[in-house]
Amino acid sequence: MSVDILLGLQWGDEGKGKIVDYLAPKYDNVARFQGGPNAGHTLEFDGIKHVLHQIPSGIFRPNAKNLIGNGVVLDLVIFKREVEGLEQYNVNFGNLQISKKTQLILPTHRLLDAAYEKAKGDKKIGSTLKGIGPTYQDKIGRVGLRVGDIVLDNFKDKYNQLVAKHQLVLDEHQIEYNLDELNAEFFTAVEFVKSKFNIVDGEYEINQAISSNETVLAEGAQGSLLDIDFGSYPFVTSSNTTAAGVCSGLGVAPRNIGEVYGIFKAYCTRVGSGPFPTELFDEIGKKIQKEGNEFGATTGRERRCGWLDLPALKYACMINGVTQLFMMKADVLNIFEEIKVCTHYELENGENTDVLPFDISVPIKPVYQTLKGWNQSLEGIDTYDGFPQELKDYVDFIEKEVGVKINIVSVGPDRVQTIVREEIQIGSK
Ligand code: GDP
Ligand code: IMO
Ligand code: MG
């Protein structure tokens, strides 16, 4: 069996958590391959809303084994809190494994994140301040600590050495902190993980699953336009959020990749700084924000809102090799009589382009096509055929422009508010 991937095609928060949870009954394994607690993945079912940060979104499905892969950066303090928050729901944590090669976020990484952001002034990334950038920096700098290290006798020494390095930078930035408190919290979490969780050779687990004909779903975090290589650099996160990240983030060979489910909102949002060509600064943007409840699941920050950006969507499909599209939050557009879609950009010299500019300071003006809205509630509709014609036209228009079939339309946050057009083919290679 091959590994299928579900990933975000925009700037994150497309609804990945909801769909991973929805698809998980079809999968024997669900694995996170990058990112860390900067992610906030929301799942809703049985009238309860859960927000997961580091635990894969298959955790509520008893059939699925869940793996935190080596490409992830893991904050054990946040992880402990996350696990404890779920204990009342009878979650089977025996189904959760952590790769030995997963990098550890230390408390000082979080402080460094804040220091670096502050130093950037008005050029700040708008980071979630969870220590993501500094942890990946240490990984690439070959000084990071990994989950497998926590069982070693010399772990404390290794930890102290890295923390001492961080302190030099923190002192430079005149950051105040109580290291004893941070250390105590960290080592309590280390003991918690050591005593309760299965720390495994993730790459062997996944490849064993593949050769035993088990199905695997890789769960992306963030979105393609936040990818360290292909996003709007430097306003990006520090990992490969795109399909290629699955190979290095889990130890899966490219030939073992199957379906690539690309998930996007029927409009666009972005949280944090950086270019956003179709951003709306008017009442319409505010309406989308209100209808879509567009506030960050991790930081609670307002999400910037705008119309769907087709050049950006096509770009994300190209980079990821998307085989099926899932369109989320269609219901948020119920209130509009007209819906706009950006089909291309106009440059300052009047030329048209649908290429995302390398230089993000180059001004580009989105050019829109206006479509008729369906302007009605979608409540009670449980088949694709039952959708209003205008919504089907919207789907057709996007499909034709992008050249990939839209197979799921999501019409609400709950698991059951998911309209599937054709039975999803899984592990199809
Ligand atoms: P993720 O990071 O990609 O998992 O997405 P988030 O959980 O950060 O943000 C998506 C938000 O939209 C969450 O609050 C979801 O509950 C909600 N959501 C998901 N799908 C739908 C949908 O189809 N309609 C509406 N109205 N809300 C949705
Ligand atoms: P999920 O998985 C939306 C954004 C931050 C910031 C930039 C860098 O829930 O979709 P970082 O903390 O990585 O240094 O922040 O990326 N960002 C996200 N935006 N959804 C996310 O995750 C995000 N994770 C990071 O707002 O602009
Ligand atoms: Mg999110």
Side-chain angles (χ1 to χ4, degrees), residues 1-12 14 16 19-20 23 27 29-36 38-39 41 54 56-57 67-74 99 101-103 132-133 135-137 139-142 144 146 202-207 209-210 215-264 274 311-326 355-356 358 402-404 426-429:
M1 275 286 185
S2 55
V3 174
D4 296 336
I5 308 172
L6 182 136
L7 44 75
L9 298 177
Q10 296 162 321
W11 286 282
E14 297 90 348
K16 298 175 290 293
I19 296 297
V20 171
L23 292 178
Y27 285 93
N29 300 272
V30 176
R32 280 277 307 268
F33 60 93
Q34 47 70 232
N38 48 350
H41 293 182
Q54 304 181 106
S57 300
L67 174 72
I68 298 178
N70 60 279
V72 170
V73 288
L74 185 68
S99 173
K101 294 194 167 90
T102 303
Q103 292 279 328
I132 307 299
T135 307
Y136 278 116
Q137 251 174 286
K139 172 180 180 175
I140 301 304
R142 300 168 293 187
R146 300 179 293 175
E203 63 276 35
Y204 282 104
E205 294 287 324
I206 284 290
N207 283 288
I210 295 169
T215 49
V216 182
L217 179 63
E219 172 180 5
Q222 291 76 57
S224 302
L225 304 176
L226 290 171
D227 182 274
I228 184 73
D229 283 284
F230 300 108
S232 41
Y233 194 88
F235 297 99
V236 292
T237 190
S238 299
S239 64
N240 280 119
T241 58
T242 43
V246 173
C247 295
S248 57
L250 290 176
V252 173
R255 69 184 160 95
N256 286 327
I257 302 296
E259 295 289 324
V260 181
Y261 308 123
I263 170 166
F264 70 102
L313 190 63
K314 284 186 211 173
Y315 180 75
C317 286
M318 172 182 81
I319 297 292
N320 290 301
V322 171
T323 59
Q324 294 185 44
L325 284 168
F326 300 163
V355 174
L356 275 63
F358 166 77
V402 179
V404 184
I426 63 163
S428 63
K429 231 169 74 176

Inset, instruction - Search all heavy atoms of Asp227 against all heavy atoms of Thr241 and return the closest pair with its distance. - result: OD2-N, 2.9 Å

Legend entry - Results of side chain to side chain donor-acceptor pair (under 3.5 Å) for Lys314 - residues two or more places apart only: none

Legend entry - Residue pair Ile257 / Cys247, side-chain heavy-atom distance below 4.5 Å: yes

Inset, instruction - Hey, could you give me the CG/OG distance between Asn70 and Ser248, rounded to the nearest 0.5 Å? - result: 7.5 Å

Inset, instruction - Check whether any side-chain heavy atom of Leu9 sits under 4.5 Å from a side-chain heavy atom of Cys317, and report yes or no. - result: yes

Inset, instruction - Considering non-hydrogen atoms only, spot the tightest contact between His41 and Ala39 and give its length. - result: NE2-CB, 3.7 Å

Legend entry - Leu225 versus Val236, closest heavy-atom pair with distance: O-CG1, 4.2 Å

Legend entry - N/O donor-acceptor pair under 3.5 Å between Glu219 side chain and Ser57 backbone: yes

Inset, instruction - Find the distance between CD1 (Ile132) and CD (Gln103) and round it off to the nearest 0.5 Å. - result: 12.0 Å

Legend entry - Reported CD1-to-CG distance for the pair Ile5 and Leu250, which is rounded to 0.5 angstrom: 9.0 Å

Inset, instruction - Flag the pair Leu356 / Pro311 as yes when at least one side-chain heavy-atom distance between them is below 4.5 Å, and no otherwise. - result: yes

Legend entry - Gln137 side-chain N/O to Thr135 backbone N/O, donor-acceptor pair under 3.5 Å: no

Inset, instruction - Find out whether Tyr27 and Val3 are in side-chain contact, i.e. whether some heavy atom of one side chain is under 4.5 Å from a heavy atom of the other. - result: no

Throw together a table of side-chain donor-acceptor distances under 3.5 angstrom for residues 318-326, partners on residues two or more places apart or in other chains.
{"residue": "Asn320", "atom": "OD1", "partner": "Ala243", "partner atom": "N", "Å": "2.8"}
{"residue": "Asn320", "atom": "ND2", "partner": "Ser224", "partner atom": "OG", "Å": "2.9"}
{"residue": "Asn320", "atom": "ND2", "partner": "Ala316", "partner atom": "O", "Å": "2.8"}
{"residue": "Thr323", "atom": "OG1", "partner": "Glu259", "partner atom": "OE1", "Å": "2.7"}
{"residue": "Thr323", "atom": "OG1", "partner": "Val260", "partner atom": "N", "Å": "2.9"}
{"residue": "Thr323", "atom": "OG1", "partner": "Val260", "partner atom": "O", "Å": "3.2"}
{"residue": "Gln324", "atom": "OE1", "partner": "Asn407", "partner atom": "ND2", "Å": "3.0"}
{"residue": "Gln324", "atom": "NE2", "partner": "Glu259", "partner atom": "OE1", "Å": "3.1"}

Inset, instruction - Indicate yes or no: at least one non-hydrogen side-chain atom of Asp4 is less than 4.5 angstrom from one of Thr215. - result: no

Inset, instruction - Find the distance between CZ (Phe33) and CG (Asn240) and round it off to the nearest 0.5 Å. - result: 9.0 Å

Legend entry - Spacing of Leu226 atom CG and Thr242 atom OG1 [to the nearest 0.5 Å]: 11.0 Å

Inset, instruction - Evaluate side-chain contact (heavy atoms from CB on, under 4.5 Å) for Thr237 paired with Tyr136, printing each intermediate quantity in order. - result: CA-CA 10 Å; Thr237 190; Tyr136 278 116; 5.7 Å; no

Inset, instruction - Given side-chain contact (heavy atoms from CB on, under 4.5 Å), test Met1 with Val216 step by step and report yes or no. - result: CA-CA 8 Å; Met1 275 286 185; Val216 182; over 6 Å; no

Legend entry - Closest non-hydrogen atom pair, Glu203 against Ser99: OE1-OG, 4.4 Å

Inset, instruction - For residues Ser238 and Gly133, report the shortest heavy-atom separation together with the two atoms involved. - result: OG-CA, 3.3 Å

Inset, instruction - Identify the two heavy atoms, one from Asn29 and one from Ala209, that lie closest to each other, and give their separation to 0.1 Å. - result: ND2-CB, 3.7 Å

Inset, instruction - Evaluate side-chain contact (heavy atoms from CB on, under 4.5 Å) for Ile426 paired with Tyr261, printing each intermediate quantity in order. - result: CA-CA 10 Å; Ile426 63 163; Tyr261 308 123; 3.4 Å; yes

Legend entry - Distance in Å, Arg146 CZ paired with Lys101 NZ, rounded so as to fall on 0.5 Å steps: 6.5 Å

Legend entry - Check: Asn38 and Gln222 side chains under 4.5 Å, non-hydrogen atoms: yes

